[in-house]
2 protein chains.
Amino acid sequence: MAEANRRATSREVADAAGVSQATVSNVLNRPDVVAPETRERVTRAMESLNFVVNRSARELRMGSSEACGVIVLDIANPFWAQVTSGIESVTGPLERAVLLASSGESTVKERQLLHQLEAAGLLGLLVAPTGEHLDELWRIQARGTGVVLIDHDDATGRLPAVALDHVAGARLATNHLIAQGHRRIAMVNGSIQNHWCRDRRAGYEQVCRSAGITPLEVAVDGMTVASGFDCVSHLLAIDGLTAVFCVNDMVALGVLKGLSERGVGVPEEISVIGYDDSEFSAMLSPALTTVRQSAFAIGAAAARVLFNIESVESANRSLEAPVLVDRQSVVPARY
Amino acid sequence: MAEANRRATSREVADAAGVSQATVSNVLNRPDVVAPETRERVTRAMESLNFVVNRSARELRMGSSEACGVIVLDIANPFWAQVTSGIESVTGPLERAVLLASSGESTVKERQLLHQLEAAGLLGLLVAPTGEHLDELWRIQARGTGVVLIDHDDATGRLPAVALDHVAGARLATNHLIAQGHRRIAMVNGSIQNHWCRDRRAGYEQVCRSAGITPLEVAVDGMTVASGFDCVSHLLAIDGLTAVFCVNDMVALGVLKGLSERGVGVPEEISVIGYDDSEFSAMLSPALTTVRQSAFAIGAAAARVLFNIESVESANRSLEAPVLVDRQSVVPARY
DNA sequence: GTGAAAGCGCTAACAT
DNA sequence: ATGTTAGCGCTTTCAC
């Protein structure tokens, strides 16, 4: 049985190849500096011993790792799954590992994860913060771990941030509704702890007010299909309602379902607009009118910023402005 | 400026607290063994220095890490996002980090990732293999890193595997179609490189044959909405087709879309059945009839096996059998 | 209950 | 071109 039950060390490779450990290290890290013949011999030794470098040792020695940590708000949400894909699209080719974690929008879980990830000694962290308390992130940055905010700004400008313009997106959605003649428009919104929700509400309110109509907000707990479904009774209690703006497509899905179960026709009786343009949205019936923003692009941009491939400014500029995807769930109001 | 630009070491904490490094280590790992008063002093020093242990050093010393690596086939697919959630549901409370990577169903990418993850010196790996070549995984296991297969069996029994019964699920779907009187049933399937696709096809074919009807397979490249959409022309070329079994809900979504764009009514003209019961499936119109299997449960089960919380046998037993979710996209065939 | 010392596997000066 | 050596920050006997 040639197979050891333990990983081979560079020391063993060196012995097997009849060279010093330093040469093995050179073969690994600066192959050009070692004689082709020696290199060949060392490489063969590595293969026959199934050598694989011990990353902990390397990192300890070098003082840092190449990998990055990612904290998203909810991995089960398609938006974040897309963001993750975007991040991987840049880390993959760079052969950089990604340590992914999901805070589930819980601030305490976020703190735990931050602590764990910092202890992992990573090159940097990409984080979608759960709240406004950026101080822990500032501290991590000060201690030497790069931090890039995903879809959340740092008002103090200490942390680089790659963010989508939610205010603009919400304005787009609300304007569309108003342009179709709607005046009684509700917004189904998540917790305003969440800056998305805050920003989207801000956009919604701005447009409402300048059109002289009263904003009507219905809050839900999580931004999930279930919460959308559950809030339908509140929606139906609103007098004269003709349109609803949902904070995202998942919620819109729930609202659609709740409305249809109660026999309320969409879009004939009530128009519904979502946000995100999730993969399923075009396929709903009625196909969901929504606002598209590029989740994939924001993930990739944040990773590029962390790895110094691109400046924050340029990364943010590269993010497309939100666009309205006009489908079937919004029609002109009938009075 | 008290804030150092460098992480504090246990040595520094020791000096600040006027104790030895060993005591700091004890406070960290065996708090009970150190005098309460000393412990208190050390803890304060840690806080004031913002100490956080260097995981690389700890792991180097201990010879292994607590974290685990995960390789899924495609993180952007809701099924895998759910599996990931399941894994996190067990690693989270255990404070174990998860290193997530996605192979994108590419075998070469898989090899790269395996290499990277092994080099990270993790406690174990949870992997959904892209193909049948398990030899690299066997080697990793032999070298001392735990490996648990997600949704893929190891015929040799060397690797513990947590797997769903795709053959049974496909039988369920096909039987349902036949019970509704369908005889010309196509299956839209992904690459048979993928064992899911193979298993689901096997179930489909078994049932077809024993009912004396000819299996009709249409292959697509990836298991995505786009591939489903693209194969509709092939589907429509099949003479007398009345039903289609899609390898998953994403593909079904694409097929639904393609069919509706061509004015083919579902379910009046063609019945469609999916697989996975993705979150959006109930909300489609028609609501998608599909097969449910618990992606979340399989992730959690695999993690429990890796961490020795549960035996493979018990974990597999705990996985629910696939169930048919009868909705609107399948109706009796009309002749 | 606490400290001194050794060493995990690797890389990087420096010497040859 | 290759070898020697030191040491990254931590845990862990083994003394005291």
Side-chain angles (χ1 to χ4, degrees), chain A residues 4-43 45-46 49-67 118-123 143-145, chain B residues 4 6-43 45-46 49-67 116 118-123 143-145:
Chain A
N5 190 23
R6 198 181 40 80
R7 289 162 59 182
T9 70
S10 64
R11 188 63 229 267
E12 289 161 356
V13 173
D15 289 348
V19 298
S20 81
Q21 216 183 348
T23 301
V24 176
S25 176
N26 280 334
V27 170
L28 247 28
N29 305 298
R30 285 178 304 288
D32 40 299
V33 94
V34 27
E37 187 216 327
T38 321
R39 198 194 312 152
E40 172 65 12
R41 203 147 30 91
V42 172
T43 308
M46 286 182 174
L49 290 172
N50 270 320
F51 173 77
V52 22
V53 322
N54 180 318
R55 206 177 271 252
S56 304
R58 163 180 283 175
E59 287 174 359
L60 173 57
R61 179 60 229 235
M62 310 228 291
S64 84
S65 110
E66 295 278 76
E118 181 174 17
L122 306 162
L123 180 147
R143 269 178 240 132
T145 300
Chain B
R6 198 181 41 79
R7 288 162 61 181
T9 70
S10 64
R11 187 63 228 270
E12 289 162 356
V13 172
D15 290 348
V19 296
S20 81
Q21 216 183 348
T23 301
V24 175
S25 175
N26 280 334
V27 169
L28 247 28
N29 306 297
R30 285 179 305 288
D32 39 301
V33 95
V34 26
E37 186 215 327
T38 322
R39 197 195 311 152
E40 172 65 11
R41 203 147 30 91
V42 172
T43 308
M46 286 182 175
L49 290 172
N50 270 321
F51 173 78
V52 22
V53 323
N54 179 319
R55 207 176 271 253
S56 304
R58 162 181 281 174
E59 287 175 359
L60 173 58
R61 179 60 229 237
M62 310 229 291
S64 86
S65 111
E66 295 278 76
Q116 278 189 236
E118 181 174 17
L122 306 162
L123 179 147
R143 270 177 240 132
T145 300

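So you know, we letter chains A, B, ... as the sequences are listed, proteins then strands, and number each from 1. Quick note: numbers below take in every heavy atom, side chains included, and nothing from hydrogens, waters or symmetry partners.
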Asks: Using rotation axes that map the C1' atoms of four end pairs onto the next four (five pairs an end), what angle separates the end axes of the helix from C:dG1-D:dC16 to C:dT16-D:dA1, to 10°?
Replies: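 Taking five pairs per end, the axes differ by 30°.
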Asks: Have a look at A:Val53 and say if it touches a base, only the backbone sugar-phosphate, or nothing, with a 4.0 Å heavy-atom cut-off.
Replies: sugar-phosphate
Asks: In whole angstrom, what separates B:Arg11's CZ from D:dT11's P?
Replies: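 It is 15 Å, rounded to the nearest whole Å.
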Asks: Scan residues 31-41 of chain B for pairs that pass side chain to side chain donor-acceptor pair (under 3.5 Å), counting only residues two or more places apart or in two chains.
Replies: B:Glu40-B:Arg44
Asks: Residues two or more places apart in sequence or in another chain: which of them pass side chain to side chain donor-acceptor pair (under 3.5 Å) with B:Thr145?
Replies: none
Asks: Shorter than 3.5 Å, N or O on both sides, protein versus nucleotides 12-16 of chain D: list them out with atom names.
Replies:
from	atom 1	to	atom 2	distance (Å)
D:dT12	OP2	B:Arg30	NH1	3.4

Asks: With sequence neighbours excluded, tell me which residues meet side-chain contact (heavy atoms from CB on, under 4.5 Å) with A:Ala22.
Replies: A:Ser20
Asks: With a 4.0 angstrom cut-off to heavy atoms of chain A, pull out the first and last contacting nucleotide of DNA chain C, in 5'-to-3' order.
Replies: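 Range of nucleotides touched by chain A: C:dG9 to C:dA12.
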Asks: Suppose we screen for salt bridge (charged side-chain N to carboxylate O under 4.0 Å, His left out). Which residues come up paired with B:Arg61, at least two apart in sequence or across chains?
Replies: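 If we apply the salt bridge (charged side-chain N to carboxylate O under 4.0 Å, His left out) test to B:Arg61, skipping adjacent residues, there are no hits.
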Asks: What are the two closest heavy atoms between A:Ala57 and B:Leu60, and how far apart are they?
Replies: CB-CD1, 3.7 Å
Asks: So, is B:Arg58 near the phosphate of D:dT11, with a side-chain N or O under 4.0 Å from OP1 or OP2?
Replies: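 Yes, B:Arg58 has a side-chain N/O under 4.0 Å of OP1/OP2 on D:dT11.
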Asks: Heavy atoms under 4.0 Å, any strand shown: does A:Thr38 hit a base, just sugar-phosphate, or nothing?
Replies: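 The answer is sugar-phosphate, as A:Thr38 gets under 4.0 Å only of primed atoms, P, OP1 or OP2.
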Asks: Mapping B:Ser10 and A:Val34 to their closest nucleotides on DNA chain D, which lands nearer the 5' end?
Replies: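 That would be A:Val34.
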Asks: With sequence neighbours excluded, what pairs up with B:Ala45 under the side-chain contact (heavy atoms from CB on, under 4.5 Å) test?
Replies: B:Val13, B:Ala16, B:Ala17
Asks: Hey, which of these two, A:Val52 or B:Arg41, hits DNA chain C nearer its 5' end, going by closest nucleotide?
Replies: B:Arg41
Asks: Sequence neighbours excluded, which residues qualify as side chain to side chain donor-acceptor pair (under 3.5 Å) partners of A:Ser25?
Replies: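 Partners of A:Ser25 under the side chain to side chain donor-acceptor pair (under 3.5 Å) test: A:Asn29.
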Asks: Between D:dG3 and A:Ser20, is there an OP1 or OP2 to side-chain N/O distance shorter than 4.0 Å?
Replies: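 Checking D:dG3 against A:Ser20, a side-chain N or O does come within under 4.0 Å of OP1 or OP2.
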Asks: For B:Val53, check side-chain contact (heavy atoms from CB on, under 4.5 Å) against everything at least two apart and list the hits.
Replies: B:Leu28, B:Phe51, B:Arg58
Asks: Rounded to the nearest 0.5 Å, how far apart are CD of B:Glu12 and CE of B:Met46?
Replies: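 These two atoms lie 12.5 Å from each other.
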Asks: Partners of A:Asp15 by side-chain contact (heavy atoms from CB on, under 4.5 Å), sequence neighbours excluded?
Replies: A:Arg11
Asks: Taking side chain to side chain donor-acceptor pair (under 3.5 Å) as the test, write out the residues that go with A:Ser56, two or more places apart.
Replies: B:Glu59
Asks: DNA chain D: A:Asp32 or B:Phe51, which has the more 5' nearest nucleotide?
Replies: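 Nearer the 5' end of the strand: A:Asp32.
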